[in-house]
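Note that this is a predicted model, so its numbers are computed, not measured. Throughout, a chain's letter reflects where its sequence line sits, starting with A, and its residues are numbered from 1. Heavy-atom basis, side chains included; hydrogens, waters and symmetry copies ignored.
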2 protein chains.
Amino acid sequence: MTPGVKFARVAEEGEVVAPSRSTSELRTDARRNAAQILAAARNVFGEHGFSAPLEDVAVAAGVSKATIFNRFGGRVGLIEAVIEDVVAAESQRIIEHTRSIPDVAERIDHYLGAIRDLQYRRPAVNDVLLQEYPHSEQLLAICHAAGEIYDELVEAGHAAGVLAPEFTREDLHALIVDNALALKHGSRPPRADYDRRTGFILGGIRRPAR
Amino acid sequence: MTPGVKFARVAEEGEVVAPSRSTSELRTDARRNAAQILAAARNVFGEHGFSAPLEDVAVAAGVSKATIFNRFGGRVGLIEAVIEDVVAAESQRIIEHTRSIPDVAERIDHYLGAIRDLQYRRPAVNDVLLQEYPHSEQLLAICHAAGEIYDELVEAGHAAGVLAPEFTREDLHALIVDNALALKHGSRPPRADYDRRTGFILGGIRRPAR
DNA sequence: TAGAAACTTGACTCGGTGAGTCAACTTATT
DNA sequence: AATAAGTTGACTCACCGAGTCAAGTTTCTA
């Protein structure tokens, strides 16, 4: 294959074009390497964020860095291939669960706690929040979903009188982004301290139910 | 003069050694340049923090970068020459004023507001907080003073029951450091938003007086 | 006012890090 | 075993500001 931009796509189940040999045109060793790279990327990106050196991913996959370029065209392609597993799925789950909580105050408490938990456990989430990486479809979808829940929570919170009336959706966003910056550039505090601080934040923006 | 580590000290008033020609051994052009560099450094560091390129300081001073090395030996020397004006004086003033407030709750509110104000106006403060620059005497003095007032405020706040009982001095430090990180690496919000958020933070850690 | 020392500076080198490339080699496939 | 696909070690490149130095300029002194 001519090396260059036209790198092969990794097998995805429902291959639309070329029905025969459905899963792939790749040679078996190449397919195996691609799978290993994906697995390694999920681990390494999940643990260290999307700015982790590709070299690290390669080593974890037992493969050379060049192979990542052959298969995925570089960092951007690799991120796109794993972002769903590393970030999108979990954040979607949080949003859904949040929506399923009937009590408004609890809903707010839950969302902030869950997001902050995710930020703590998955640095890659912070990379997404800080928009450090290229705007792919998934990225936009995630951000859109987040923007929606911000609005819902803030509006419902005001209506129910359980949120400080002057608290805006921008404040909520800032809260989360500032935390992303602190986690990304600072030292991560012990979990107990972090959770206690989550409590203080909530205490500052919530109001006791009427 | 042989260039190298033994760069000339800029004239300080009370020259202890060499009483004759008290203010300086420097040639007049060198003295003028040094003054311009100091002025430029106060501006540039004050506005962009201590990590601003020395090139920028040089340009602002109407001088070449090499001259900064001749006079101050590099970034560290230059920071030491201006840190008092850029950071130490103002933070000392805040601490003193804070101590002069009789009411504990007001004292806490004032300190947090004033520190956050300083962080917003003077990025260099954040560089100091984040310990990004060499540990000079002044640095240590500033940090020591800050540590003291943390303890005082938290202890007094607990005693008076105006601070959440589980709030620690580490929490206070984290609050301030996280804000430093957000300001340094993120986008600075409009002032009104920033101040509103200061209010939320206080609301989360304070308790109404008995 | 000339000679010497002090001072300045443009144009360099350097350093550390990680992205991205490619010619030569290896392996699967037919 | 021929061929094309795939892999890789070793490279270049870019970045970006710190720090250096030989050559030129200014001040000082006598």
Short N-O contact, B:K184 and B:E132, less than 4.0 angstrom: yes

Measure from CD on A:E25 to C1' on D:dA4 and round the result to the nearest Å. 14 Å

Take atom CD of B:Q36 and atom P of C:dT8, then tell me their distance rounded to the nearest Å. 10 Å

I want to check one thing: is the phosphate of C:dT8, taken as OP1 and OP2, less than 4.0 Å away from some side-chain N or O of B:S64? no

Could you tell me the separation between the CG atom of B:N33 and the OG1 atom of B:T28, rounded to the nearest 0.5 Å? 9.5 Å

Where the side chain of A:R122 meets the backbone of A:V87, is there a donor-acceptor pair that is under 3.5 Å apart? no

B:E152 bridged to B:R99 by N-O distance under 4.0 Å: yes

Any carboxylate oxygen within less than 4.0 angstrom of a Lys/Arg side-chain nitrogen, looking at A:R32 and A:D29? no

Check whether any side-chain N or O of A:T28 sits under 4.0 Å from OP1 or OP2 of C:dT29, and answer yes or no. yes

Between C1' on C:dT29 and CG on A:L26, what's the gap in Å once rounded to a whole number? 14 Å

Is it true that a side-chain atom of A:H110 and a backbone atom of A:I94 form a donor plus acceptor pair closer than 3.5 Å? no

Distance, rounded to the nearest Å, where B:I68 contributes CD1 and D:dG17 contributes C1': 12 Å

Which one, C:dC22, C:dT27, C:dC7, comes nearest to the side chain of A:D29? C:dT27

How would you label the contact of B:T67 with the nucleic acid (heavy atoms, under 4.0 Å): base, sugar-phosphate, or nothing? base

Does any N or O donor sit under 3.5 Å from an N or O acceptor when you compare the side chain of B:K65 with the base of D:dG17? no

Figure out the CG/P separation between A:D56 and C:dT17, and round it to whole Å. 12 Å

Just to be sure I understand the geometry, which residues of residues 43-54 of chain A put a non-hydrogen atom under 4.0 Å away from DNA chain C? A:P53, A:L54

How long is the line joining CZ of A:R31 and C1' of D:dT7, in whole Å? 17 Å

OP1 or OP2 of C:dC7 under 4.0 Å from side-chain N/O of B:N33: no

When you measure only distances, ignoring hydrogens and angles, does the side chain of A:R27 come within 3.5 Å of the base of D:dA5 through a donor and an acceptor? yes

Taking the six-membered ring of A:Y194, is the NZ or CZ of A:R188 close enough (under 6.0 Å from the centre) and on axis enough (within 45°)? no

Whole angstrom value for the distance that separates P of C:dA23 from CZ of A:F69: 17 Å

What is the distance from CG of B:N70 to C1' of C:dA5, rounded to the nearest Å? 14 Å

Contact under 4.0 Å: A:R71 side-chain N or O vs D:dT7 OP1/OP2: yes

When we call it a touch if two heavy atoms are under 4.0 Å apart, what does A:A30 touch: a base, just sugar-phosphate, or nothing? sugar-phosphate

